[in-house]
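Remember, it's 1-based here, ligands and their atoms both numbered in the order they're listed.
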Amino acid sequence: MERKLPVTYELQKKSGKARAGKITAPHGEIETPVFMPVGTQATVKTMTPEELESIGSQIILGNTYHLYLRPGDDLVAKFGGLHKFMNWNKPILTDSGGFQVFSLGSLRKITEKGVEFRSHIDGSKHTLTPEKSIHIQNNLGSDIVMLFDECPPGLSSREYIIPSIERTTRWARRCVEAHQRPDEQGLFAIVQGGIYEDLRDKSLNELSEMDSAFSGYAIGGLAVGEPREDMYRILDYIVEKCPENKPRYLMGVGEPLDMLEAVESGIDMMDCVQPTRIGRHGTVFTKYGRLVIKNASYAEDDRPLDEDCDCYVCRNFKRGYIRHLFKAEEVLGQRLATYHNLYFLLKLMKDARKAILEDRFKEFKDEFIKNYNMGKN
Ligand SMILES: CNc1nc2cc3c(=O)[nH]c(N)nc3c(CCc3ccccc3)c2[nH]1
Ligand SMILES: [Zn+2]
């Protein structure tokens, strides 16, 4: 009989293919669509958990690759798991590590067994396997555990992707077998297949054989250098083929316009390091597009970063002050820009959810895109 899954989804409203829903996870509920801040090394860079909660973060992401290398998943387990270690008491999703090996590790080698690599920290040799990845995530105690997959480089050929999908499916079976807490940590499948519709079908069909083990489905293999129109075409094709009664997670997409495109295709969850990464370098999101605060033109500008934003930063600080902080290399500048960027994306998803509930998502999306492309800052 069907085992009770630890992570469940309730569809609340559709507006076209866009959906509003509620995810129930062991550490709490998540209203979707949702943006998930990335907390790679057990911290969303420069933010405290209290600040993350105050801006409306419902779930954050952690990284198997990083936490295994430092401080070690067994140490995190000694502290009672990642929630206790970092004092975040809402849901956490952890990635499985394969992607990070290829984006950060060196001297990598893929075999049937798994992935051999050298640590980007000290060059030590390691092998990550499906079993090891799942056991690390079990130690971390995340609410949502990702399958150990291969994410082929953007624009890989069909000849490369086909055998890659078949190995990733064999790895998926090993992940399901290795999972030590299937009743406490939800397992998400990851659909691959590059920019080819028929290979997306192949990946989804092979994974669907194990559907009863999966609490959700992620769309992987995108935002890895493929042209934007290819990503949109694939989303429009494959997302609605994923089970309607489970959450759908698009991995690695966090540009405002891409997020709205993803929501329109039926995606519920998204992550991206962009808001925190570009925030630390002084680029912020605004209603009218991106703004590079170090630009000399903002030196005497007494407006907030975004005149339509009601976040703590926009209510209390002016562009000229935040520009000064960056020019003076004051760390408060990075914190304020990060805070506002995260708030901006969390609010964008909250407004998208409201538009879906009121069955006016298309109008909401078109209005946002018109303003964002104005670039008048
Ligand atoms: C930026 N673009 C991007 N495309 C991705 C594709 C995949 C993919 O096909 N498979 C897996 N496992 N992860 C991917 C990721 C990492 C997402 C992430 C980062 C940090 C924390 C938690 C999760 C991606 N990121
Ligand atoms: Zn703001």
Ring centres under 6.0 Å, that's the criterion: do F117 and F102 meet it?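 Between F117 and F102, the centre distance exceeds or equals 6.0 Å.
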So, [X] and [Y], do they make that salt bridge, N to O below 4.0 Å?
X: R228; Y: D258; result: yes
X: D198; Y: R158; result: yes
X: D211; Y: K246; result: yes

Report all protein residues having a heavy-atom distance below 4.0 Å to some atom of ligand 1; order the list by chain, then number.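 Lining ligand 1 at under 4.0 Å, by heavy atoms, one finds V38, L61, G62, N63, D95, S96, F99, Q100, D149, C151, I190, Q192, G220, G221, L222, A223, V224, Y249, M251, G252, D271.
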Heavy-atom donor-acceptor pair, S96 side chain to L147 backbone, under 3.5 Å: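 Indeed, once roles are kept as given, a pair shorter than 3.5 Å links the two residues.
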Any donor and acceptor pair, going by atom type alone, linking the side chain of Q137 with main-chain N or O of M146 inside 3.5 Å?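 At least one qualifying donor-acceptor pair exists.
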Side chain to side chain donor-acceptor pair (under 3.5 Å) with T283: which residues, sequence neighbours excluded?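 Here no residue qualifies.
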Have a look around the Zn ion (ligand 2) and list protein N/O/S atoms under 2.8 Å, or say none.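 Result, waters dropped: C309 SG, C311 SG, C314 SG, H340 ND1.
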Atom pair CZ/CD of F364 and E358 - distance to nearest 0.5 Å: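 Nearest 0.5 Å value for the CZ-CD distance: 10.5 Å.
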Taking transitive links into account, so neighbours of neighbours count too, which hydrophobic residues share a cluster with V292 at under 4.5 Å side-chain distance?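 For V292, no cluster forms, as it stays isolated from other hydrophobic side chains.
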